[in-house]
Each structure stands twice: as structure tokens, then as C-alpha cells.
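Naming: A, B, ... by sequence-line order, numbering from 1 per chain.
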4 protein chains.
Amino acid sequence: MHAPSISRINTNSSGRQQSIDANEVNDYALRVHTIPVGVLGATGYAGHQLCSLIQRHPSLSLAFATAHDQRGTSARIDGQTIPLVATDDAKLGDAELVFSALPHGSSHEWVTRARCAGARVVDLSSDLRPGSGLVGAAYGLTELSRTTVAGAGIVANPGCYPTSVLLALAPLFARGLVAEGATITINSASGVSGAGRSPRRELMFAEVSEDYRAYGVGNTHAHLNEMRAFTRSMGADVDLAFTPHLLPVARGILSTMTVPLKSALDDVLQPWRDAYSNEPFVEITSEPPTLREVVHRNVIRIAAIALCGMRAPTLLVLSALDNLMKGAAGQAIQNANLMLGLAECAGLPA
Amino acid sequence: MHAPSISRINTNSSGRQQSIDANEVNDYALRVHTIPVGVLGATGYAGHQLCSLIQRHPSLSLAFATAHDQRGTSARIDGQTIPLVATDDAKLGDAELVFSALPHGSSHEWVTRARCAGARVVDLSSDLRPGSGLVGAAYGLTELSRTTVAGAGIVANPGCYPTSVLLALAPLFARGLVAEGATITINSASGVSGAGRSPRRELMFAEVSEDYRAYGVGNTHAHLNEMRAFTRSMGADVDLAFTPHLLPVARGILSTMTVPLKSALDDVLQPWRDAYSNEPFVEITSEPPTLREVVHRNVIRIAAIALCGMRAPTLLVLSALDNLMKGAAGQAIQNANLMLGLAECAGLPA
Amino acid sequence: MHAPSISRINTNSSGRQQSIDANEVNDYALRVHTIPVGVLGATGYAGHQLCSLIQRHPSLSLAFATAHDQRGTSARIDGQTIPLVATDDAKLGDAELVFSALPHGSSHEWVTRARCAGARVVDLSSDLRPGSGLVGAAYGLTELSRTTVAGAGIVANPGCYPTSVLLALAPLFARGLVAEGATITINSASGVSGAGRSPRRELMFAEVSEDYRAYGVGNTHAHLNEMRAFTRSMGADVDLAFTPHLLPVARGILSTMTVPLKSALDDVLQPWRDAYSNEPFVEITSEPPTLREVVHRNVIRIAAIALCGMRAPTLLVLSALDNLMKGAAGQAIQNANLMLGLAECAGLPA
Amino acid sequence: MHAPSISRINTNSSGRQQSIDANEVNDYALRVHTIPVGVLGATGYAGHQLCSLIQRHPSLSLAFATAHDQRGTSARIDGQTIPLVATDDAKLGDAELVFSALPHGSSHEWVTRARCAGARVVDLSSDLRPGSGLVGAAYGLTELSRTTVAGAGIVANPGCYPTSVLLALAPLFARGLVAEGATITINSASGVSGAGRSPRRELMFAEVSEDYRAYGVGNTHAHLNEMRAFTRSMGADVDLAFTPHLLPVARGILSTMTVPLKSALDDVLQPWRDAYSNEPFVEITSEPPTLREVVHRNVIRIAAIALCGMRAPTLLVLSALDNLMKGAAGQAIQNANLMLGLAECAGLPA
């Protein structure tokens with residue numbers, strides 16, 4: 001039924017012994033039945049990362065990749081050439097699942113079209129996320145909503161900042177550990193790929209290099225609504241003070257959160273161990289996590305440390321992830337794996 | 001009393017017109033009467049920056065520069081060659097004022113020796129700062145303590161983080177605007193030069209590039225005592241939650257502070273305008289300050305923005321400075337200028 | 001004889017559906033029969049990259065990893081914890097093949113010991129390379145010496161610069177296309193990891209960032225002997241003018257070579273197509289290759305462009321590779337695969 | 001005729017002692033008689049650097065600054081606010097000298113207009129440089145053409161690459177030391193600001209960071225004509241093989257040149273010492289120069305090293321400069337100083 005597809009790693013397993021490697025044949029047989037998926041908006045950073053992950057995925061094949069401005073050309077991803085078609089020309093029905101990495105605002109229209117064409121959808125835009133005003137999509141913070149995601153027609157893939165913040169704070173919310181009515185201060189710093197791939201002067205190397213700045217200040221960043229909505233949905237009665245910053249790195253987000261607690265914890269890591277100890281994509285640590293530890297991997301790395309010298313018990317919670325992987329395309333594949341009945345980890349570098 | 005100032009730029013005006021430039025002669029004559037100063041620890045980043053500023057200073061001359069490990073060699077600074085002597089061999093009495101950029105712990109001994117030799121001292125180490133347990137030095141947060149500094153025998157030059165935090169928060173403290181018993185969350189990010197110039201693996205390019213991390217977490221950073229002591233001295237009853245971060249840039253500190261207020265302010269910048277409007281080295285802005293705007297300059301750039309959607313009035317305060325200039329050597333020169341009766345701005349790039 | 005290879009992606013396909021994935025069981029069974037290999041000097045950049053590749057390799061397992069200065073501790077590589085033993089304590093005989101990433105000068109002694117213990121050896125140091133004065137090792141420029149490598153007891157893994165230069169120039173040498181007695185100018189630029197991981201001031205972030213410089217100037221770099229010896233062995237009668245440079249990037253080498261030809265070529269890429277068109281790890285392009293295209297991959301990317309406006313036909317040859325992959329650990333695995341009768345591409349990201 | 005120069009540092013010496021500083025009064029009086037100059041194209045990197053240098057210049061004042069796309073707004077440069085007008089609205093006649101930092105192709109028209117309005121002109125574009133086909137401008141490689149520059153109505157300011165190459169090679173050409181008919185290989189690497197400030201995807205941080213590449217390959221870069229024309233004008237019979245590269249740094253150019261000599265030199269630095277020993281803006285060194293040594297300074301730093309192991313005597317010549325200073329705006333001010341009868345070094349950081 002599905003087009004045969006062989007993972008890139010196997011197809012590249014040429015070399016001298018190629019002809020005698022019986023496994024190749026078996027692999028080939030096993031992999032014949034891959035699932036076709038499509039990518040809308042394949043040339044942005046998240047779309048590009050998606051195509052790369054799909055190419056390396058053992059059970060997915062790329063049915064189409066769209067890029068309106070570059071239609072008719074092709075993209076070179078990990079040594080493979082991928083033709084780019086106009087969004088209008090994408091045969092949405094050819095895909096069992098469609099990823100939309102289209103810009104916020106224009107994505108939801110295509111989500112609807114893909115759905116009408118019979119495909120299930122993972123939407124990486126913010127159009128259908130909590131706080132957006134639009135409903136009908138499951139919120140795909142994977143570790144916290146597997147069942148919903150697995151059965152959903154549309155999954156709203158969380159934003160990169162919300163993923164870094166909410167996965168880190170959820171164990172505190174779920175256990176009711178945060179002081180009632182408290183303010184959680186969230187300082188996040190993101191690599192430049194988080195700002196997209198459209199040329200803008202303030203994102204040029206000679207402007208960003210050796211610089212660092214806050215933006216979206218005063219609680220005005222669009223991702224705050226998403227965080228607030230999810231926080232409320234977990235029953236947490238808190239204020240969020242969120243300040244994002246632009247880092248002179250290509251990828252990665254570090255979030256530094258200060259959380260007033262109802263009472264001190266004996267073991268500050270216990271809430272995360274309870275919540276995540278069997279999660280393949282969550283790493284719990286007592287040391288401050290670093291971007292270097294998480295880039296190019298589909299993981300979030302979380303630390304919690306008690307703050308000394310405070311009147312009220314207060315926790316420092318730190319999380320690090322790759323904004324294009326666990327913060328976007330990686331989590332999207334994780335959600336798609338669930339939706340398609342595949343192993344959740346399939347095709348994802350832990 | 002001191003010779004009138006003539007800039008280095010003129011004295012360097014060699015070239016084709018050199019032989020007929022009468023100014024040169026005058027310049028030379030005028031510069032004969034500069035004030036000799038010494039630098040202990042000249043090869044670290046702060047010591048190097050100090051030597052550079054002294055060389056360009058219209059009224060100071062470098063009597064000696066010490067570098068224990070490199071004694072007998074010379075340093076090349078801005079095209080000039082500076083001989084390096086052992087600390088033991090420095091003729092402390094030859095200097096009217098001595099800057100100590102020696103490591104924390106070993107500096108105060110040399111401060112005492114220099115003082116005994118008759119020199120006044122600006123100590124860039126933390127040895128004599130508030131919270132250190134040692135007394136006898138004026139705390140040199142210049143804009144807030146000019147009179148004390150001008151008459152002091154020893155000035156403890158503030159740390160880079162405390163300068164970025166305390167100059168930014170002082171107007172709120174002075175006016176009693178911070179909510180009683182509140183927690184001020186301080187997230188600071190510093191360039192790598194802040195960690196010193198001694199070779200360490202974690203500071204190597206291939207480790208720091210494309211990385212970002214918190215350190216000194218849990219309110220354990222040494223600068224916190226200094227901040228707390230000064231905050232108390234201003235009568236502020238607050239907790240500080242301080243988390244420093246290591247940025248992949250060479251220089252610069254950005255501090256992001258969340259401050260609960262007693263009541264909302266009509267004009268959030270008013271406290272800073274009142275406090276600093278005539279200050280040549282303080283810039284007040286409603287936009288988030290950036291490292292790019294302040295590096296290589298002796299300024300602190302401060303912004304304040306009200307946080308939306310909070311139950312209690314809360315201010316976001318941001319400050320940016322160059323950790324080697326306003327955060328170290330620049331402020332040290334500013335203090336020395338006051339101590340020596342020179343124009344406070346002499347030799348300092350605003 | 002050896003276990004057939006299964007890609008890592010499958011074996012890692014754990015997750016929710018784990019229990020029903022029949023492949024997993026097979027994979028596990030297959031992986032029991034991996035080949036034990038050891039790494040001497042596991043904490044430098046090349047050694048670390050080797051351990052990472054071995055961990056992800058379908059047919060190799062890590063018998064030991066040594067790190068003299070950090071013996072007794074462990075290294076964290078790709079989420080796995082690897083114990084580090086003293087070099088003296090490594091059970092060399094437990095490994096079928098030993099990789100030595102020890103420093104130049106001290107490596108060859110351990111190569112001998114490993115050989116005596118019955119292991120075959122890939123030596124990443126320069127101790128046994130052409131031009132070193134020591135003989136007994138096959139030179140492991142894989143694409144050019146497969147048969148020798150496959151049967152060798154000891155393989156001297158080429159240096160990063162020589163790999164980037166010699167793989168690029170060999171097709172011209174092999175076809176006798178270079179002008180007799182000509183000078184080939186080679187300008188190479190390497191990322192900082194090429195200088196090793198031992199802390200040195202000149203490699204610190206605050207020194208390297210925003211800087212660029214030549215080093216080893218005047219034809220004094222140690223790799224030049226290796227290049228000359230191999231060039232002579234191919235019968236080329238040329239002078240090499242080699243200048244390496246230090247780039248402010250973590251990894252990657254770009255070599256820019258100017259080659260006087262005997263006569264103009266109709267199709268400047270033809271020599272490389274003839275030599276390498278079936279090579280999985282060589283990419284031929286008419287566009288200048290970039291570091292971004294090759295980092296974290298075991299490939300060399302080569303371009304050739306005719307120079308306009310020259311009296312004599314002259315070619316610009318450019319090559320890019322990852323100094324830690326195709327320039328060190330990747331090529332070492334490629335050689336080990338050949339030596340062990342595995343698919344040459346096994347465990348290597350093309 | 002023109003006011004004697006007083007440095008900005010003095011005029012900025014405000015602060016506590018301001019009222020008693022008699023120099024201030026004199027400075028003010030002296031500065032009344034500054035020379036008005038204009039900048040066309042003030043918002044590109046070179047134009048911005050020009051405005052900054054003019055602001056700090058003791059004898060120049062900024063009559064106007066144009067920025068067609070940003071007309072009506074203002075630029076913030078070194079703490080000063082500068083109004084930006086449309087190019088059409090610039091009162092060209094108000095300036096005694098006009099700097100054009102307009103794009104190549106559109107600059108020469110405005111050069112003519114400014115000239116007709118009575119102003120002398122320094123044109124930073126390539127429109128009127130040697131090899132451009134247009135005549136009528138003096139070529140402003142300052143150290144090599146002072147008399148011509150001083151008397152010229154229009155000076156074509158050299159390109160950044162040609163400055164780095166020609167100032168370095170001229171002493172060899174002037175002394176006839178280069179082998180007849182030889183090929184000089186020139187590999188240059190430039191910071192990103194050299195590519196201009198207009199937003200382009202390939203100049204964005206997330207593309208340039210950790211990357212390095214050649215461009216303008218095959219002797220196709222526009223600056224090559226300029227180099228060839230000047231080389232011929234010095235009587236040198238050589239071929240140039242020029243390959244520029246894009247560095248992940250904001251500013252700076254390093255050129256690495258391999259030069260076949262007629263015969264070996266006893267002292268390889270002698271030609272440069274003879275030519276430049278009294279030049280304030282040329283530094284001669286036996287060590288490889290670095291970008292770090294020259295950025296933000298109006299200098300070129302030149303090294304020459306004999307290449308070992310070559311059949312024919314061959315010299316490695318290296319030069320480093322800041323592409324926006326000595327490679328553009330700094331040299332433009334140097335030329336303007338000569339044209340206006342000022343000290344050549346006035347307002348320039350050596």
C-alpha cells in the first residue's frame with residue numbers, strides 16, 4: 001500500500017561488503033511498509049529539521065514537502081535532494097499524516113484542508129494551541145498527554161518556550177507544591193533559529209554575535225498565553241513573569257525559573273523522578289543543564305535546586321532543550337509516532 | 001595641582017607632519033606632569049583593561065605593572081610595550097595610587113602594603129567589599145558614594161554583577177518603592193572574560209561556543225553577599241534570588257530583575273530619571289538594553305518595564321554593562337579620578 | 001564470523017510499544033555478538049568522538065576507555081556513562097581492536113603493547129604516519145588504500161589536515177595532471193577542537209572569539225611531512241606551501257588549494273568523478289563547500305574551479321570535512337570496519 | 001586655517017570638576033571652527049563607522065547624514081542621536097567634504113553632484129577605483145599616494161581586500177623583488193560586516209555561526225580588478241589567484257599571500273621596514289598578525305616569513321586589518337585629513 005522506503009542509513013550502507021550483507025535484505029523487507037507523511041513549510045528551520053528526521057525515520061517516508069517561495073526548486077537535506085512544491089500543489093491526501101510548519105496565522109487553514117483530505121495533522125504553529133482562541137486540537141506536550149495525542153485528529157505541537165517551561169513545572173503543579181497565588185519568574189534564553197529563517201537585520205551575524213538582549217518584555221511574548229492556559233488547566237493559581245532573551249547561539253533554549261513553594265522539599269528532585277523516571281526523553285539532574293548537552297537531541301534536561309537564604313522555601317528550576325528538536329520537530333515526530341501507532345522513540349535521537 | 005589633560009590621540013599624532021607639529025612639544029611638556037599609578041596583576045582581563053585605560057588617560061602614567069607568573073616579560077597593549085615585574089619588585093611608593101587586580105584572597109595583603117608605602121588604593125578584588133568581613137575600605141559604587149570615595153584611602157571597587165544589579169535597583173531602594181519582604185529575582189548573564197584569564201577547560205572556545213548555562217546556582221555565588229550587604233545598607237527589606245549564567249560572548253553582563261512594588265508607578269522610568277539624569281555614565285531607556293550598546297564603554301544602561309497581567313504591581317528592570325569597564329576597570333578609573341581630584345570622566349569612553 | 005549489523009535507530013526503538021516490537025528481540029539477540037574494542041585516550045576531542053561512534057555502532061562494543069588524568073572517574077557520552085581507567089590498567093587483550101588517541105610521542109609505545117596483547121590497532125597519533133621516521137603501519141587514507149588497511153595489523157590514521165588535502169589532491173596526482181615542479185599553495189583553516197582539549201590560554205573563548213590567525217607558518221607545521229611523504233609516494237614532483245589557520249568555530253577544516261596544471265581540463269570535476277563517484281563518504285560539488293555541510297558527518301566534500309585570468313592553467317581545489325569525524329574518529333572507524341570485515345559504512349553518519 | 005585639533009576626550013571631560021576646568025572653555029572655542037562634512041549612506045556598516053569617527057574627530061563636524069530607506073528617522077551612534085535625511089534632501093553644498101558610502105553603481109552619480117555643489121569627495125564605493133573603467137579620482141591607498149590624495153577633488157577609497165593585499169605587497173613590487181611572471185596566491189578571510197548590512201539569509205547568525213566558506217571563487221571577485229590594475233601600475237608582471245572567504249566574526253580581514261621571489265632575502269622584513277618604518281598606521285611584525293590585534297583600530301599589521309623546503313625562494317606575507325577601519329572608514333578619514341590639511345592621524349585610533 002505504501003511506497004517502499006529504505007532508511008538513509010541502510011541505503012548508504014554500501015561499501016565493499018555490501019553484496020554479502022544479508023541483513024540489508026531483511027531490513028529492506030521490513031521497511032517496505034513505511035507510512036507517507038507530508039511537510040507544509042519545509043524550508044524554515046523547524047520544517048527543515050522535520051524533513052531531516054523523516055528521512056532518517058525507520059517507518060516514515062516523505063510524500064511531499066512544500067515551500068511556497070521556493071516552489072519548483074529542491075532542498076538538500078543530509079545529502080538527499082528533496083523537491084519543493086507550492087503549498088497549493090501538495091497532494092494532501094497522499095499523506096497519512098501532515099506536519100504543518102507554516103507561519104502562525106496561515107497554518108490553521110491548511111490544517112483544516114489536510115484534515116478534510118483525510119490526513120491527520122501535527123500543527124507546529126501556535127494557531128490551535130491553548131490560549132489561541134481556536135479549539136479542536138489536542139495539545140501535544142507528549143509526556144503529559146499521550147492518550148489524547150494518540151487518538152487525536154489534530155495535534156497542536158507546543159511552542160519551544162512553553163515546552164521548556166511546562167514540562168519542567170508540571171510535576172510541581174500536578175502535586176500542588178507551588179505556593180498559592182505566587183509569582184513564578186521565568187527567564188528564558190533562546191538561540192537565533194527560534195526567531196525563524198526569514199532575513200531580518202537584527203538576526204544577522206554581525207548584529208547578534210557578541211550580543212545578548214531581552215525581547216518581548218513586560219509579559220508581552222505570544223507564548224505566554226499558551227503557558228498561562230496550560231498552567232490554569234493544571235489547577236495552578238500562579239502569576240507568570242516571563243522574559244525571553246536572544247542568545248548568540250544557533251539553537252537551544254535554557255529556561256531559568258524561580259518558584260515559591262508551599263513548603264520546603266526534602267528531596268528537591270523527587271517530583272521530577274516521580275513524574276519522569278521512565279521517560280526516554282526527559283533527563284533529571286542536580287547540576288545546571290547546558291545547551292551543549294541537549295542540542296541535536298530530542299530531550300529536555302531538567303534540574304531543581306533549593307535557593308539558600310530565602311525567608312520562604314523557593315526552588316530554582318532549570319531546563320534545557322533544543323528548540324528545533326524537543327521544542328519543535330522532535331516533539332512533532334514523537335506525537336506523530338503516537339498517532340500512527342509506532343514506537344514513540346522511533347527515529348528520534350535521545 | 002595636577003597637569004592639565006591632553007589626550008593620547010594628540011601625542012600620537014605622528015606621521016608626515018610630525019616634525020612641524022608644535023603641539024607635540026607642548027604635549028610632551030604637559031604630560032611630564034602626569035600622576036604615576038601602578039597596577040598589581042596586570043595580565044588578567046581587568047588588569048589589562050586598566051593598563052589600556054591608563055595609557056590613554058590624559059593625566060595618569062603607568063609607574064609599574066606586575067604579573068607574577070610573567071615577570072621579566074612584557075605585555076603589548078594598544079601598540080605600546082609594557083614591562084612586567086614581579087609583585088614583590090613593584091616600587092609601591094613610586095605610585096600615588098595603586099590599582100590591585102590581584103586574585104581574591106591575596107589582594108588585601110598587597111592593599112595594605114601599598115597603603116603603608118604611602119599610596120592610595122583601588123582594590124578590584126572582593127577582599128574588602130561589603131559582606132567580606134573586612135572593613136576599612138569605601139565601597140566604590142561611584143554614582144552612589146562620590147564624597148566617600150573622593151576622601152578614601154582605600155576603595156573597594158564593586159564586583160561586576162553587583163554593579164549591574166545595585167546601580168539598577170538603588171533608585172527603587174532609595175525611594176522605598178519595593179514591596180516589603182519581597183523576593184527580587186535576579187538573572188544575570190556574563191561574558192566569559194568575567195571568569196578570568198587562567199586557562200580552564202570549561203572556558204575553552206570549543207566548550208563555550210554554542211553553549212549557555214547557569215552556574216553558582218542556589219544563591220551560592222560569592223557576589224551575593226556583596227549585593228545583600230549593600231541592599232541592607234539602603235534599608236531594603238528584601239530577599240534576593242540570584243542566578244548567574246555564562247554567555248558565549250567575550251564581554252558584557254545583562255541583568256534581568258523582577259521586582260515586586262509596593263504600588264504601581266505612573267511613570268516607570270521616573271525613579272531612574274530622578275536619580276541619574278545628569279550622570280554621564282548612566283543611560284536610561286525604555287527599550288531592553290543590549291550588550292552591543294555598552295561594550296568597550298564605561299556605562300550602565302538601565303531599562304524598567306511594567307509587567308502585564310500580574311496581580312501585584314511588578315517591574316522588570318534590565319541593566320547592561322561591560323564587565324571589564326563599568327563592571328571593573330572603568331569604574332576603578334572613575335573612582336581613581338575622584339580620589340585624585342581629576343575630572344571624573346577623564347580618560348573614560350562614555 | 002562477526003554479528004550482522006543492525007542500525008542503531010531500530011535498537012533504540014524503545015518506548016510505549018516496546019513490548020510488542022518483535023524487532024527489538026531480534027536486535028538484542030544480534031547485538032550480543034558485538035566486537036569488543038578499546039579506546040586509549042578517551043577524553044580528548046577525538047577520543048570522545050570515538051567513544052560516541054562506538055556506542056552508536058551496530059557491531060562494536062566498548063571494552064575499555066582510558067584517561068590517565070581522570071582515571072577512576074567516568075565520562076558522560078550521549079546519555080551513557082563510561083568508566084575511565086588508567087592506561088596502565090586497560091586490559092588490552094580484551095579488545096579485538098584498539099584505537100589509540102594518545103598524544104603524539106607517547107602513542108607508539110602503547111600501539112606496540114596493544115599489538116603484543118593480540119589486538120589490531122588504529123593509531124590516531126602522528127607517531128607512525130608517513131614522514132614520521134617509524135615504519136610498520138599501513139597509512140589509513142581509507143578511500144586510497146582499502147586492501148592494505150583491511151589486512152593491516154596497525155593502521156596509522158591520517159592527520160586532519162592531510163586528510164583534507166590528500167584526498168582532495170590525490171585524483172590530480174594519480175592522473176599526472178599537476179605541472180611538473182610546481183608549487184601547490186595550501187591554505188587550511190581549522191576549528192579549535194583541532195588544537196586539542198588541554199586548557200591553554202590562547203584557546204579560551206575570550207581569546208578565540210572574533211579572532212582569526214595563521215599559525216605554524218613558514219612551512220613548519222608537523223602535518224607537512226605527512227603530506228609531502230604521501231605526495232612523493234604518488235609520484236608527484238611538487239612543492240607544498242602550507243599555512244594552517246585557527247578559526248573561531250568548534251569543528252571543521254576547510255582547505256583552499258591552488259594547483260598549477262600541465263594543461264587545462266575540459267571538465268574540471270572529471271578527475272574526482274572518476275576517482276570517487278561511488279564513494280559514500282566523498283561528495284563532489286561545483287560550489288564551494290562549507291563547514292556547515294560536513295560537521296558531524298564522516299564525509300569530505302570537494303570542489304574544483306578553474307581560475308580565470310591566469311597565464312597558465314590553474315585550478316582552485318577546495319575541501320571541507322569535520323576534523324573530528326572524517327579527519328579523525330570517523331575515518332578511524334571506517335578503517336576499523338575494513339580491518340574487522342564489517343561494512344565500511346557501519347556506524348558512520350554519511 | 002583650520003582649528004587646531006583637540007580630542008573628544010577632553011571635551012567630554014564633564015563631571016564634578018567641570019566648572020573649574022578652564023580647558024573646557026578653550027576646547028569649546030576651538031571646536032566652534034570645525035569643518036563640516038557629510039555622509040551619504042550613513043546606515044550601512046561603513047557609513048555608521050564613518051559617522052562614529054566624525055563625531056569623535058577633533059576638527060570635523062557632521063553637516064548631514066543620509067539614509068534613503070530610513071529618512072526621517074535618526075541613528076544612535078556612540079550615545080549621540082543623528083538625524084537621517086533622504087539623499088535627495090542632503091544639502092551637499094553645506095559640506096566642505098562629502099563621504100559617499102552609497103552602494104556600488106549608484107555612488108558615482110552622487111559623487112558628481114557633490115563635486116558640482118563645491119564639495120570635495122571621498123568615495124568609498126568601487127565606482128571610481130582603478131579597474132572600474134571610470135577615471136577622474138585619485139586612488140586613496142594613503143601611505144602610497146599622499147601628494148595625489150592631498151590635492152585631489154575626488155578620492156576613490158580602496159576596497160577592504162585591496163587595502164589588505166596592496167599595502168602588504170607594494171614594498172615587494174616597488175623594489176622589483178617578485179619573480180617575473182609568477183603567480184601570487186592570495187587567500188583572504190573577511191568578517192561578515194564586509195558583506196554589508198542588508199538582510200540576507202546567508203548572512204544570518206544561525207547560518208554563519210560555526211561555518212566558514214570560500215566565495216567569489218575562480219578569480220571572480222569584483223575587487224580583483226582593482227588589485228590587478230594597481231599591481232600593473234607598479235610595474236609588477238604577476239598573476240593573482242585570489243580567493244576570499246567568509247569568517248564567522250563581525251569584523252576584520254586576514255590575507256595570506258604566497259609570493260615567489262626573484263631571490264631569497266637576507267632579512268625578510270627589510271622591504272617593509274624600508275617602506276613603512278615611520279608610518280603610524282602600519283605595524284610590521286615577524287609573528288602572524290591576528291584580527292584581535294587590529295579590530296577597532298586604523299592599522300594594517302603585516303608579517304613576512306620565508307617558506308622552508310621550497311625549491312624557489314618564496315615568501316609568506318600576512319596582513320590583518322579592520323575592514324571597517326583601515327579597510328574603509330578609517331582610511332577614508334585618513335584621506336580626508338590629508339585633503340583638508342589636517343594632521344593625518346587626527347581622530348583616528350592607532
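- Residue contact with chain A, scored on non-hydrogen atoms closer than 4.5 Å, involves the side chain of Ile305(B) exclusively.
- Side-chain contact check for Leu254(A) versus His245(B): some heavy-atom pair is nearer than 4.5 Å.
- Between chain B and the residues Val294(A), Leu247(A), Leu246(A), Thr220(A), the most heavy-atom pairs under 4.5 angstrom are made by Leu247(A).
- Arg292(A) places a side-chain N or O within 3.5 Å of a backbone atom of Glu207(B) that can act as its donor or acceptor partner.
- Interface residue Thr243(A): only side-chain heavy atoms are found under 4.5 Å from chain B.
- Looking at Val268(A), neither its backbone nor its side chain comes within 4.5 Å of chain B, counting heavy atoms on both sides.
- Between Leu316(A) and Gly218(B) the shortest heavy-atom distance is CD2-N, 4.0 Å.
- When heavy atoms are compared at a cutoff of 4.5 Å, Pro289(A) approaches chain B solely by way of its backbone atoms N, CA, C and O.
- For Leu307(A), the parts sitting under 4.5 Å from any heavy atom of chain B are the backbone and the side chain alike.
- Comparing Thr256(A), Thr314(A), Leu318(A) by heavy-atom pairs within less than 4.5 Å of chain B, the highest count is held by Thr256(A).
- Taking the side chain as every heavy atom from C-beta outward, Val295(A) and Glu210(B) never approach each other to under 4.5 Å.
- The OG1 atom of Thr258(A) sits 9.0 Å away from the CG atom of Asn219(B) when rounded to the nearest 0.5 Å.
- At a 4.5 Å heavy-atom cutoff, the contact between Arg228(A) and chain B is made by side-chain atoms alone.
- Tyr212(A) pairs with exactly one of Thr290(B), Ile253(B), Leu291(B) by the side chain to side chain contact (heavy atoms under 4.5 Å, CB included) rule, that one being Leu291(B).
- For the options Gly191(A), Ala306(A), Ala214(A), heavy-atom pairs under 4.5 Å to chain B are most numerous at Ala214(A).
- Heavy atoms of Leu240(B) lying under 4.5 Å from chain A belong exclusively to its backbone.
- The most heavy-atom pairs under 4.5 Å with chain B, out of Leu315(A), Val249(A), Asp239(A), come from Asp239(A).
- Checked against Thr185(A) for a side chain to side chain contact (heavy atoms under 4.5 Å, CB included), the options Thr185(B), Ile184(B), Thr183(B) give a single hit: Thr185(B).
- Interface check for chain B: of the options Ala189(A), Gly252(A), Ala320(A), Ala250(A), the most heavy-atom pairs under 4.5 Å are formed by Ala250(A).
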